[in-house]
Chemist: 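Following this message is one structure expressed as structure tokens.
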Amino acid sequence: MVKSRNVIDELKRRGFVQQETDPEKLYELLGNESVTFYVGIDPTADSLHAGHLLPVMGMAIMQRYGHRPIAIVGGGTAMVGDPSGKTEMRKMLTREQIVENSRKIKLQLARYLDFSADKALLVDNYEWLGKLNYIDFLRDIGRHFSVNKMLTYETYKRRMETGLSFLEFNYQLLQAYDFYMLYKNYNCRLQMGGDDQWANILAGADLIRRIEGADAYGHTFPLLTTATGAKMGKTEAGALWLDPEKTSPYDYYQYWVNVDDRDVKRFLLLYTLLPAEEIEELGDLHDREYNIAKTILAWEATQLTHGRQAAQEAMSAAMAAFGKREIPESFIPSSTVPRAALQIDDTNVPGGEISSSELAGGIQLVELMQRFDLVKSRSEARRLIHQGGVNINNERIQDSEQMIDGRSTNQGRIEIRLGKKKYFYINVH
RNA sequence: GGGGAGGUUCCCGAGCGGUCAAAGGGAACAGACUGUAAAUCUGUCGGCGGAGCCUUCGGAGGUUCGAAUCCUCCCCUCCCCA
């Protein structure tokens with residue numbers, strides 16, 4: 001990425017812009033100087049998930065264009081809970097949980113952002129929110145907010161139907177106060193966030209204008225859904241986590257390979273740092289070209305999140321299960337995806353172990369499936385078999401009473417395939 | 001605090017004494033078709049070694065041969081009024 005262009009052009013081109021306050025001035029500012037900006041990240045879990053990725057990528061791009069990101073892990077605000085986009089009140093976390101979650105989140109962010117030499121910062125807003133005095137806050141900050149105006153915001157209007165606690169109603173003031181404090185302490189002049197944060201971002205920019213008489217800006221990212229309308233990163237197992245303990249790199253890789261055709265190019269622009277030109281040059285894709293594009297997407301995304309080594313393992317495992325793919329040199333040349341020589345290696349396909357002595361006695365297939373958590377219940381396992389969805393060593397199983405023993409072993413292991421996409425190897429030792 | 005409505009299986013949503021493991025839709029899963037895609041069609045979708053049985057309809061009791069359906073108390077949510 002070149003620094004000569006304005007980052008806004010890049011963000012627009014890649015689909016990171018939903019709305020901005022004062023676009024002309026913001027454009028000028030970002031074109032002329034290095035700007036400190038912030039994005040709030042909610043530490044309600046000890047890991048980020050795919051839903052967080054868009055703002056994170058946005059920060060990464062901004063930083064590569066010479067701007068300084070502050071990730072503010074909402075220690076204080078998480079203790080209140082943002083009502084935006086929520087129909088029900090959020091769970092509140094303890095201080096200890098938040099601190100622990102923040103620590104882990106920072107490690108994940110470090111994959112995307114360079115935290116060295118203060119080129120990026122992670123700030124906990126508990127620093128100032130924690131010692132806030134209620135009366136002072138009301139007098140200094142509260143006076144700048146109009147309840148009448150707040151009630152007209154869509155987020156609150158919706159909650160007027162279902163109920164909104166006073167606690168949550170204050171969330172906006174706290175977030176605005178964050179922006180203000182960051183402005184004062186770090187000269188932070190821009191807040192970025194999901195489009196559901198628009199009202200909160202505006203409130204902060206307003207507050208800075210009122211108190212300091214200074215300009216501050218807001219920028220929102222689109223709220224992304226997949227082509228089928230689902231939220232980003234929803235899988236059968238729940239969220240798509242960045243933590244390899246929660247979602248293995250293999251599953252992570254698989255998620256991206258299985259993306260809808262209509263999303264591929266969009267996602268390449270949003271979730272990889274590959275040059276926009278090269279992605280646009282792809283033009284209309286046909287048939288297998290989609291799979292090549294998806295392979296690159298999966299490679300780049302996995303590599304960003306889990307590193308090169310893990311991405312390579314995930315990719316070779318996927319190829320072991322689903323077949324090899326050759327990726328032409330001309331296809332997004334900047335990508336570091338292994339194009340041909342990648343050796344097939346299935347050690348990272350999900351798997352388990354069983355002792356040969358136990359196997360010798362014979363074990364029911366249904367039992368085996370349940371043991372390795374491939375199904376939730378024996379009934380489900382039977383159902384799957386009846387529907388023809390279970391293959392052992394590439395042979396469809398018809399009988400739900402099927403026994404598995406030493407004879408089912410193929411080169412020291414048993415391959416179970418559920419449906420078309422779930423491969424599982426049981427190694428016999 | 002007063003008045004009203006309601007809490008049903010992953011979600012929405014019927015059911016209002018037996019024929020209810022509970023309609024319908026969505027999601028999800030499997031099969032066919034494919035490209036590890038979409039759309040479409042077919043099937044499945046509480047658990048248990050198919051029948052039978054077991055556990056479910058906010059919670060606890062009760063009425064009844066029999067309750068998700070009736071009664072009592074409790075908890076929770078929403079609306080109107082204060």
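To find a chain, count down the sequence lines: A is the first, B the second, and so on, and within it residues start at 1.
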Chemist: Taking the P atom in each of B:C29 and B:A38, what is the distance between them to the nearest angstrom?
Modeler: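 My reading of the P atoms in B:C29 and B:A38 gives 10 Å.
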Chemist: Would you kindly give the NE2-to-C1' distance between A:His386 and B:G49, to the nearest whole Å?
Modeler: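 In whole Å, B:G49 C1' and A:His386 NE2 are 12 Å from each other.
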Chemist: Nearest whole Å is fine: how far is B:G47 P from A:Gln370 CD?
Modeler: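 Distance, rounded to whole Å: 10 Å.
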Chemist: Would you measure the distance from the C1' atom in B:A27 across to the matching atom in B:G2 and give it in whole Å?
Modeler: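 It works out to 42 Å between them.
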Chemist: List in chain and number order the residues that pass side chain to side chain contact (heavy atoms under 4.5 Å, CB included) with A:Pro244, two or more places apart in sequence or in another chain; answer none if no residue qualifies.
Modeler: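 Result, side chain to side chain contact (heavy atoms under 4.5 Å, CB included) vs A:Pro244: A:Pro249, A:His306.
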Chemist: With sequence neighbours left out, what residues match A:Asp195 under side chain to side chain contact (heavy atoms under 4.5 Å, CB included)?
Modeler: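 With sequence neighbours excluded, A:Asp195 shows a side chain to side chain contact (heavy atoms under 4.5 Å, CB included) to A:Gln18, A:Gln19, A:Trp198, A:Thr220, A:Leu223, given in chain and number order.
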Chemist: Taking A:Arg209 first and then A:Asp206, would you say they form a salt bridge - that is, a charged N and a carboxylate O separated by under 4.0 Å?
Modeler: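 Yes, A:Arg209 and A:Asp206 are salt-bridged.
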Chemist: Is the distance from the ring center of A:Tyr271 to that of A:Trp256 below 6.0 Å?
Modeler: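 When the ring centroids of A:Tyr271 and A:Trp256 are compared, they turn out to be within the sub-6.0 Å range.
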Chemist: Protein within reach of the bases, or only the backbone? For nucleotides 34-45 of chain B, mark each nucleotide 5' to 3' as B, S or -, using heavy atoms under 4.0 Å.
Modeler: BBBBS----BSS
Chemist: Excluding sequence neighbours, so at least two apart, what forms side chain to side chain contact (heavy atoms under 4.5 Å, CB included) with A:Leu285?
Modeler: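 Counting only residues at least two positions away or on another chain, A:Leu285 forms a side chain to side chain contact (heavy atoms under 4.5 Å, CB included) with A:Lys265, A:Leu282, A:Glu289, A:Tyr290, A:Ala293, A:Phe331.
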Chemist: Between A:Glu326 and A:Arg339, does any side-chain N to carboxylate O distance fall below 4.0 Å?
Modeler: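 Judged by the 4.0 Å cut-off on N to carboxylate O distance, A:Glu326 and A:Arg339 do not form a salt bridge.
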Chemist: How many whole angstroms separate atom CD1 of A:Ile363 from atom C1' of B:G49?
Modeler: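 Spelled out: CD1 on A:Ile363 to C1' on B:G49 is 15 Å.
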Chemist: List the residues meeting ring-ring contact (aromatic ring centres under 6.0 Å, His included) with A:His49, not counting sequence neighbours, and say none if there are none.
Modeler: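 Listed in chain order: A:His52, A:Trp241.
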Chemist: Just jot down the salt bridge (Lys or Arg N to Asp or Glu O under 4.0 Å) partners of A:Glu277, sequence neighbours excluded, or say none.
Modeler: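 Applying salt bridge (Lys or Arg N to Asp or Glu O under 4.0 Å) to A:Glu277 gives A:Arg13.
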Chemist: Work out how far the P atom of B:C48 is from that of B:C73, and round it to whole angstrom.
Modeler: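 About 40 Å, rounded to a whole number of Å.
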Chemist: Which residues in residues 400-408 of chain A have a heavy atom closer than 4.0 Å to any atom of RNA chain B?
Modeler: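 Residues of residues 400-408 of chain A under 4.0 Å from RNA chain B: none.
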Chemist: Using a strict cut-off of less than 4.0 Å between a Lys/Arg side-chain nitrogen and an Asp/Glu carboxylate oxygen, indicate whether A:Lys12 and A:Asp9 qualify as a salt bridge.
Modeler: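 Here A:Lys12 does not pair with A:Asp9 in a salt bridge, since their nearest N and O are not under 4.0 Å apart.
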Chemist: Taking ring-ring contact (aromatic ring centres under 6.0 Å, His included) as the test, write out the residues that go with A:Tyr423, two or more places apart.
Modeler: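 Scan of A:Tyr423 (ring-ring contact (aromatic ring centres under 6.0 Å, His included), adjacent residues dropped) gives A:Phe322.
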Chemist: Distance between the C1' atoms of B:G17 and B:A22, in whole angstroms?
Modeler: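 Per the computed distance, 15 Å lies between those C1' atoms.
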Chemist: For the C1' atoms, the ones on B:G58 and on B:U9, what distance do you get once it is rounded to whole angstrom?
Modeler: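 Comparing C1' positions in B:G58 and B:U9 gives a spacing of 14 Å.
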Chemist: Residues two or more places apart in sequence or in another chain: which of them pass side-chain hydrogen bond (donor to acceptor under 3.5 Å, both in side chains) with A:Thr347?
Modeler: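 Applying side-chain hydrogen bond (donor to acceptor under 3.5 Å, both in side chains) to A:Thr347 gives A:Asp345.
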Chemist: What interatomic distance, in whole Å, is found between C1' of B:G7 and the corresponding atom of B:A68?
Modeler: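 Between the two C1' atoms, the distance is 12 Å.
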Chemist: Under 4.0 Å: is that the gap between some side-chain N or O of A:Arg396 and OP1 or OP2 of B:A32?
Modeler: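 For B:A32, OP1/OP2 do have a side-chain N/O of A:Arg396 under 4.0 Å.
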Chemist: Measure the distance from CG on A:Asn391 to P on B:A32 and round it to the nearest whole Å.
Modeler: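 After rounding, the gap between these two atoms is 9 Å.
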Chemist: How many whole angstroms separate atom CD of A:Glu367 from atom P of B:C48?
Modeler: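 A:Glu367 atom CD is separated from B:C48 atom P by 11 Å.
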Chemist: To the nearest Å, give me how far apart CD (A:Glu380) and P (B:A28) are.
Modeler: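 It works out to 15 Å between those atoms.
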Chemist: Could you measure between the two P atoms, the one in B:G59 and the one in B:U8, and give it in whole Å?
Modeler: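 It comes out at 10 Å once rounded to the nearest Å.
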Chemist: Rounded to whole angstrom, note down the P distance from B:A37 over to B:G25.
Modeler: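 Per the computed distance, 26 Å lies between those P atoms.
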Chemist: What is the separation between atom CZ on A:Arg382 and atom P on B:A30, rounded to the nearest whole Å?
Modeler: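 For the pair A:Arg382 CZ and B:A30 P, the rounded distance is 19 Å.
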Chemist: Taking side chain to side chain contact (heavy atoms under 4.5 Å, CB included) as the definition, give me every residue that meets it alongside A:Gln402, ordered by chain and number, with sequence neighbours left out.
Modeler: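 Partners of A:Gln402 by the side chain to side chain contact (heavy atoms under 4.5 Å, CB included) criterion, ordered by chain and then number, come out as A:Leu365, A:Ile397, A:Asp399, A:Ile404.
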Chemist: Tell me every residue that passes ring-ring contact (aromatic ring centres under 6.0 Å, His included) with A:Phe179, counting only those two or more places apart in sequence or in another chain.
Modeler: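 Partners of A:Phe179 under the ring-ring contact (aromatic ring centres under 6.0 Å, His included) test: A:Tyr38.
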Chemist: Name all stems that contain residues of RNA chain B, defined as runs of 3 or more consecutive Watson-Crick or G-U wobble pairs, both distances under 3.5 Å.
Modeler: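 Result, WC/G-U stems under 3.5 Å: B:1-7 with B:75-81, B:10-12 with B:24-26, B:28-32 with B:40-44, B:46-48 with B:52-54, B:58-62 with B:70-74.
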Chemist: For A:Arg378 and A:Leu418, take the nucleotide of RNA chain B holding the closest heavy atom to each; which residue's nucleotide lies nearer the 5' end?
Modeler: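 Closer to the 5' end of RNA chain B: A:Leu418.
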Chemist: Would you mind reading off the distance between A:Arg417 atom CZ and B:A30 atom C1', rounded to a whole angstrom?
Modeler: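 Rounded to whole Å, this separation is 12 Å.
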